[in-house]
Amino acid sequence: NQMKMFGWEIWTLKPDKYEAEGVPVGVASAVYYITGINKPWVLAPVHGFFFALSALFLYKTSYLISTSKKISIISILPFVIFPSAAVIYSQLHKDIYTICGVIIIFFLWCRLGSKIKFNLLECVFSILLTLIAFELILIARPYMFPIIFVSCVVGAVVLFLERKRGTLWWTMLLAYFLISFSYFYFTDINRLIATSDVPSIQTEEQKLTIDNGEVNSDNGEDNSDNGE
């Protein structure tokens with residue numbers, strides 16, 4: 001309603017009023033405003049895009065490991081065709097962005113550990129893709145950064161022990177590590193946790209408390225009326 005009155009000037013990806021819900025609210029408001037349809041189903045193309053991207057990079061990751069297209073396709077079938085997958089892209093929540101970001105990061109580290117040779121363009125593209133993946137996690141579930149950073153440290157140590165790679169490979173390894181460290185170190189995790197999923201639960205509890213208080217006060221008024 002506010003966007004109908006004021007337009008894009010007041011739009012933000014994570015509105016302050018709904019910061020606990022995060023990205024889905026901002027994306028939904030933008031899509032609703034563009035299409036003029038205030039129904040959750042209009043978000044299906046957006047969520048479907050990120051789900052398809054997740055499936056694509058999951059396939060690429062499996063192919064790096066198995067080097068078999070048949071095995072790779074079979075391995076992603078549970079992710080794609082299980083009924084539970086519909087919850088990921090059909091509902092208004094943050095999982096679709098988090099899953100996409102995590103799968104991309106996992107693919108990039110697996111690719112770095114493979115025997116594929118990189119050129120300069122691939123190096124730049126991979127670094128940009130890493131930034132996009134971390135941004136997806138940042139806007140959805142930034143409190144995952146400590147876990148991701150620890151995983152990246154383990155991956156960097158394992159790959160470092162090989163020590164038989166070219167300059168571009170070492171550049172990418174250093175870039176991946178620095179990006180993961182930067183998002184972990186410079187993100188105010190405590191503040192984001194304070195404005196994430198937990199407050200939404202607290203808010204509901206507060207609402208219940210208020211509602212119970214109103215009910216009790218109403219009962220008290222009724223009792224006083226009966227006494228009179």
Side-chain angles (χ1 to χ4, degrees), residues 11-15 18-114 122 125-149 151-152 155 176 179-180 183 187 192 196-197 200:
W11 182 84
T12 58
L13 188 61
K14 299 179 71 173
Y18 301 99
E19 191 169 1
E21 286 76 12
V23 178
V25 175
V27 173
S29 62
V31 175
Y32 291 168
Y33 181 75
I34 293 172
T35 61
I37 303 173
N38 296 342
K39 299 292 183 179
W41 59 263
V42 299
L43 292 167
V46 178
H47 291 173
F49 168 77
F50 285 106
F51 183 79
L53 203 62
S54 302
L56 174 63
F57 280 102
L58 193 60
Y59 167 81
K60 287 180 172 292
T61 303
S62 179
Y63 185 74
L64 283 174
I65 297 172
S66 66
T67 65
S68 170
K69 292 183 178 180
K70 183 178 180 180
I71 294 176
S72 301
I73 292 174
I74 294 174
S75 66
I76 69 169
L77 286 180
F79 177 75
V80 176
I81 67 174
F82 272 23
S84 57
V87 179
I88 300 174
Y89 56 81
S90 64
Q91 304 213 4
L92 192 64
H93 53 51
K94 299 179 282 189
D95 290 344
I96 188 64
Y97 306 99
T98 308
I99 291 171
C100 187
V102 170
I103 290 177
I104 291 175
I105 292 172
F106 184 64
F107 161 75
L108 291 171
W109 278 96
C110 287
R111 191 167 186 268
L112 192 64
S114 67
E122 290 176 333
F125 178 75
S126 297
I127 292 173
L128 290 176
L129 197 58
T130 305
L131 291 171
I132 292 173
F134 273 91
E135 282 296 318
L136 286 173
I137 298 171
L138 176 65
I139 61 178
R141 301 189 187 279
Y143 44 83
M144 291 184 63
F145 283 148
I147 300 173
I148 294 174
F149 175 67
S151 302
C152 289
Y176 288 177
I179 290 172
S180 62
Y183 276 90
T187 302
L192 292 169
S196 188
D197 294 334
S200 63

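Scanning for side-chain contact (heavy atoms from CB on, under 4.5 Å) contacts around S66 gives S62, S68, I71, S72, with sequence neighbours left out. Taking the salt bridge (charged side-chain N to carboxylate O under 4.0 Å, His left out) definition, one finds that E135 meets it with nothing, sequence neighbours left out. Qualifying side-chain contact (heavy atoms from CB on, under 4.5 Å) partners for I73, counting only residues two or more places apart in sequence or in other chains: Y59. Partners of F106 according to the side-chain contact (heavy atoms from CB on, under 4.5 Å) rule, which considers only residues two or more places apart in sequence or in another chain, are T61, C110. Take T98 and apply the side-chain contact (heavy atoms from CB on, under 4.5 Å) test, not counting sequence neighbours, and it matches V102, A140, R141, M144.
Atom CG of residue L64 and atom CH2 of residue W109 lie 14.5 Å apart, to the nearest 0.5 angstrom. Between I76 atom CD1 and I81 atom CD1 the span is 10.0 Å, to the nearest 0.5 Å. To the nearest 0.5 Å, the span separating CD1 on I105 from CD1 on I132 amounts to 11.5 Å. Separation of atoms CD1 (I148) and CD1 (I137) is listed at 3.5 Å; rounding is to 0.5 Å. The distance from the CD1 atom of I96 to the CG atom of L43 is 11.5 Å, given to the nearest 0.5 Å. Rounded to the nearest 0.5 Å, atoms CG (L129) and CZ (R111) are 10.0 Å apart.
Shown are Y183, Y97, Y176; of these, the ring-ring contact (aromatic ring centres under 6.0 Å, His included) with F134 is made only by Y183.
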Taking it one step at a time, do I37 and Y32 satisfy side-chain contact (heavy atoms from CB on, under 4.5 Å)? CA-CA 5 Å; I37 303 173; Y32 291 168; 6.0 Å; no
Identify every side-chain donor-acceptor pair in residues 45-58 under 3.5 Å, counting partners at least two apart or on other chains, and give the distances.
from : atom 1 : to  : atom 2 : distance (Å)
H47  : ND1    : Y89 : O      : 3.3
H47  : ND1    : Q91 : O      : 3.4
S54  : OG     : F50 : O      : 2.8

